[in-house]
Protein chains: 2
Amino acid sequence: MRLATLKRGGRDGTLVAVSADGARVSEVPGWATLQAALDDWDAALPAMRDATHAAEQGEPVDPTDFAAPLPRAWQWLDGSAFPTHGELMQRAFNLPPIETDKPLMYQGMSHHFIAPTDDVPLPSAADGIDFEGEFGVITSDVPMGCSAEDALAHVRLVVMINDWSLRAIAPVEMKTGFGWVQAKPACSMAPFAVTTDLLGEAWHDGRVCLPLTVEVNGEWFGSPLGHAMAYGFHDLIAHAAHSRSLAAGTIIGSGTVSNREHDQVGSTCISERRAIEMINHGMPKTGFLGSGDRVRMETRGTDGALLFGTLDQRVVAAA
Amino acid sequence: MRLATLKRGGRDGTLVAVSADGARVSEVPGWATLQAALDDWDAALPAMRDATHAAEQGEPVDPTDFAAPLPRAWQWLDGSAFPTHGELMQRAFNLPPIETDKPLMYQGMSHHFIAPTDDVPLPSAADGIDFEGEFGVITSDVPMGCSAEDALAHVRLVVMINDWSLRAIAPVEMKTGFGWVQAKPACSMAPFAVTTDLLGEAWHDGRVCLPLTVEVNGEWFGSPLGHAMAYGFHDLIAHAAHSRSLAAGTIIGSGTVSNREHDQVGSTCISERRAIEMINHGMPKTGFLGSGDRVRMETRGTDGALLFGTLDQRVVAAA
C-alpha cells in the first residue's frame, strides 16, 4: 500500500490511498487520518486495502495537494547509521571519533513535518542551510525493552525525509552534549508512506537497499544507496525502546544516506560534500543554501517507479 | 485557574478545572481535553473560568484519578537553566565547563507523561535511576523568531515535572553530542497546571520563585528555590523558537532546580547530591533508586497551599 495525506481537513490532513502511478487517490472511509489508522492498524487494514484498489480510478491529484504523510507526529528519533558520513565529517574537521558501541540517535522536532512541495522558511542563510536525505520507518506501538529481533515486525511504513540542518549552529550545540534544537528545524517528508512489500527485495535486513537521489537547483548532487547502514532499522527501534515504549506513529530515521563510494555516488548533504572537498583540496568549494535554492529528492523502486513520490522544495530564508 | 486532566476518556484524558483545595473538580463543557483548550485558548477561557467556579462545589476526586495535565504533548524541550547544577556536576566529575553563550536545552520524549501517582516502570536499577525536580511552562503557538521580550505572553500555564534520568547512560550519550534518548525516559507531571496569576509575586522575571520540595522514601531531600535560573522561561522560549515555530501545548522545562546554598536547601536530584558528596568527602554516599523507592515532589505557593498538587510515585525497575 502507498498511503498519503491531503492538505484538506484539520491539522492532521486527510488520509488517502494512492494509485500505482501516484496521480490518483482515494479516501479511506472511517479512517480520517494516518495517525488514526496507525493507532488501530489491523482494524484499518481492510479499508486501506479497498481504498488502494479504488485509487486506480480515483480522484486526480496534483503534487501540491499532498501534506507530509504525518503532518505532525508524537516522536521523531533520528539515527546516524551510515558510518561513512561520520568518518568523513571527522576527517574533514579533525574531530575525534565518537566513542560508542550503540547506534547514534537524537530526538528531533516532530510537531510539524513540512509538505513535500511547500517552501521551507528558515531564519537566516548565515546559519548554514543544508539538507540531509534520509530513509525512515513509521512504527506501531513498541513495548519498552523490545529486542532487535522483534522490532522488525513493528515497522508499518517506510518514508523518505529531508532533515533540514543549520550547519553554523550544529557543532556549537553538539559540543554541549545536549544534542540539537536550533540546528534541527522542521523536516520535510516525501508524499508517499509505503508498506515494505512495495520495496520487494530492496527491503532487506531492515534496510532500504535503493538509491536516494538528490538534485540541487536542477543539478545532480548524489544518489548513494540505503543498504550501507551499520545498524538496520530494527536495531534503531530496539535502541530507541530501551527505556521507553514507542507510540504508534513514531518515526525512526536512518541519518544521512552515505556510501564509501562517494566519489562515484555523491552525497545527500552539502556538509559531507564540503568535507570531501576539504580532504581532497584542502578547502570546501560548495556553498550552503540561500533563499530561492531548490532541493529535490527521489527514490526509484526496483520497478523504476518513484517509490515515495518527490520532495521538491524551495528554501525561503528570512535574511 | 488550576487545570487538570482526569484519566477517564481517551488517550488525552478529560480536562477539568480544580477547586482551590485541590479536592474537587468540574469538567469544562465543550472542551474535552487540555490540548484542545490550548489549541483555541481564548475561545476556551470563558468555559474554563465557569468550570473553575463550579469546581468549588464539584465532584470529589482522589489523587489517583489524575493523569498528567498533558498525558502526551507535541513537544518537550528541557533547559538546564540553573548554573549551580552544572557547576557541581563539572567539579565532581572534573569535566570542562560547557562552552556556550546560549541556554542549554535538549528535546525530550513527549508522547507520554506519567500520571502523578502512577508507578514508574524502568528497565533496570543498573541504569542508575534518578529524578530531577523541575518547573515548566506550557506555551501557546509561538512564531519562529519570537523575541524574549515577546515570549512571556506565550506562557499559558506553569507545571511541575519530575524528569526521570538514567545516570549510567547519560554521560555516554552526552559524549556523542547527540543528546539523550535512552537516558531520558518518560517524565512525570504534577496534577495541576496553573495560570501565572495563581503564583502572585512568585511569578517574577519568567521564573517560579518558590521552593520545589523533594522527599525520597519519606525523608526530606531538598527544597531549592526556582528563582535562581540564569535564563528565565521567556529566554528559553525565544531560544527554542530560533528556527522553528512552537505548537500550542509545547512544554519548556527549567532543568533541575538547584541553588548555590545547597548545603542548606539540598538538591532535587540524587546525582547532584552525589557530586556534593564527592566534592566534600571524596566519594558519593547516596545511592540511586531501585524498585519500590518512592519520590514525592511538592511546591507550596505564597499562601502555603500546594500549587501543583503532589507528585508521589514508586519506581518499578524490571531488574
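Throughout, protein chains are lettered first and strands after them, A, B, ... in sequence-line order, and every chain is numbered starting at 1. Bear in mind the structure is a predicted one, so any value in this text is a computation, not a measurement.
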### Task
List the steps, then state whether side chain to side chain contact (heavy atoms under 4.5 Å, CB included) holds for A:R167 with A:C269.
CA-CA 11 Å; A:R167 301 300 186 186; A:C269 75; 3.7 Å; yes

### Query
Could you give the distance from CE (B:M105) to OG (B:S80), rounded to the nearest 0.5 Å?
10.0 Å

### Message
Please rank A:F178, A:Y106, A:W180 by heavy-atom pairs under 4.5 Å with chain B and give me the top one.
### Response
A:F178

### Task
Quickly, which of A:N162, A:T268, A:T256 forms a side-chain hydrogen bond (donor to acceptor under 3.5 Å, both in side chains) with A:E132? Name it, please.
A:T256

### Message
Which atoms of A:M144 are under 4.5 Å from chain B, going by heavy atoms: the side chain, the backbone, both sets, or neither?
### Response
side chain

### Query
So A:L38 and A:L70, side chain to side chain contact (heavy atoms under 4.5 Å, CB included) or not? Walk me through it.
CA-CA 10 Å; A:L38 287 160; A:L70 287 176; 4.1 Å; yes

## Note on the structure
Cut-off 4.5 Å, heavy atoms of chain A, and the answer for B:T176 is both

### Query
Stepwise, does the side chain to side chain contact (heavy atoms under 4.5 Å, CB included) test hold for A:W164 with A:Q313?
CA-CA 11 Å; A:W164 295 98; A:Q313 298 179 296; 3.7 Å; yes

### Straight-line distance of B:L34 CG to B:W41 CH2, nearest 0.5 Å
6.5 Å

### Pairs of heavy atoms under 4.5 Å with chain A: top-ranked of B:T100, B:D39, B:I169
B:D39

### Message
Within the supplied structure, the quantity of interest is the number of heavy atoms (other residues, nucleotides, ligands) at a distance under 6.0 Å from A:R8 CZ; does it exceed 12?
### Response
yes

### Query
Roughly how far, to the nearest 0.5 Å, is CD of A:Q182 from CE of A:M109?
13.5 Å

### Query
Rounded to the nearest 0.5 Å, what separation is found between the CG atom of B:L246 and the CD1 atom of B:I138?
13.0 Å

### Message
Looking at chain A, which one of B:K175, B:Q107, B:M174 has the largest number of heavy-atom pairs inside 4.5 Å, strictly under?
### Response
B:Q107

### Residues of residues 233-244 of chain B within contact distance of chain A, non-hydrogen under 4.5 Å
B:H239, B:A240, B:H242, B:S243, B:R244

#### Entry: Winner by heavy-atom pair count (cut-off under 4.5 Å) against chain B, out of A:S245, A:A186, A:G145
A:S245

### Task
Indicate the atoms forming the closest heavy-atom contact of A:C146 with A:H154, along with that distance.
SG-CD2, 3.8 Å

### Task
Show the numbers, then the answer: is there a side chain to side chain contact (heavy atoms under 4.5 Å, CB included) between A:L95 and A:M89?
CA-CA 8 Å; A:L95 300 170; A:M89 305 294 269; 5.5 Å; no

### Query
Do any N or O atoms from the side chain of A:Q35 and from the backbone of A:A248 form a donor-acceptor pair under 3.5 angstrom?
yes

#### Entry: Residues in residues 110-120 of chain B near chain A [non-hydrogen atoms, under 4.5 Å]
B:S110, B:H111

### Task
Count the heavy-atom pairs under 4.5 Å between each of B:L104, B:L122, B:V172 and chain A, then report the option with the highest count.
B:L104

### Query
Side chain, backbone, both or neither: which part of B:A318 has an atom under 4.5 Å from a heavy atom of chain A?
neither

### Message
For chain B, which candidate among A:T250, A:D78, A:D127 shows the most heavy-atom pairs at distances under 4.5 Å?
### Response
A:D127

### Message
At a 4.5 Å cut-off on heavy atoms, which part of B:Q75 comes close to chain A: side chain, backbone, both, or neither?
### Response
side chain

### Message
As an exercise, state the distance from CZ of B:R274 to CZ of B:F288, rounded to the nearest 0.5 Å.
### Response
4.0 Å

### Query
Can you tell me how far the CG atom of B:D130 sits from the CG atom of B:L289, to the nearest 0.5 Å?
6.5 Å

